[in-house]
Amino acid sequence: MGGRAGRPPQAQRPRARPVPLSALLEVELLRGGVTAKASLWDALDELADAGVEGIDRSRVAAFRRQADDQVASLTALAARLRRPVLGGRG
């Protein structure tokens, strides 16, 4: 046993854990949801163009930019997750 006594097996040899397909699926679903949210901000902006009152265009534009940033972040995360899940084919 020597110097290994008392150390859990995980501490002896760290290994990279594979990313499960479910993690990639969750990120892709989130990305789809945020993309849909961005479309709703676009619809509100179009309603403001049509003369509907009570829509704060600056807030809508800020929320749209925020959604774009979120989509970009989720797209980057999905790309990182895709490589190990698809074995370098994605």
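The figures here come from the full heavy-atom set of this structure, side chains too, leaving out hydrogens, waters and symmetry mates. All residue numbers in this chain count up from 1 along the given sequence.
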Completion exercise
CZ of R64 to CG of D42, rounded to nearest 0.5 Å, is 4.0 Å
Completion exercise
Separation between CD (E26) and CG (L21), nearest 0.5 Å, reads 10.0 Å
Handout entry: Separation of L47 CG from R57 CZ (nearest 0.5 Å)
Key = 10.0 Å
Problem - V85-L30 co-clustered via ILVMFWY side chain contacts under 4.5 Å - result: yes
Practice task
Would you indicate whether the side-chain heavy atoms of L74 and V71 approach each other to under 4.5 Å?
Solution key: no
For residues 34-41, tabulate all N or O donor-acceptor pairs below 3.5 Å that involve a side-chain atom, not counting sequence neighbours.
from	atom 1	to	atom 2	distance (Å)
T35	OG1	R31	O	2.8
K37	NZ	Q70	OE1	2.8
S39	OG	T35	O	3.3

Exercise for the section: Could you tell me whether the side chain of V60 reaches within less than 4.5 Å of the side chain of D56, counting heavy atoms only? Expected result: no
Practice task
Check whether any side-chain heavy atom of E46 sits under 4.5 Å from a side-chain heavy atom of I55, and report yes or no.
Solution key: no
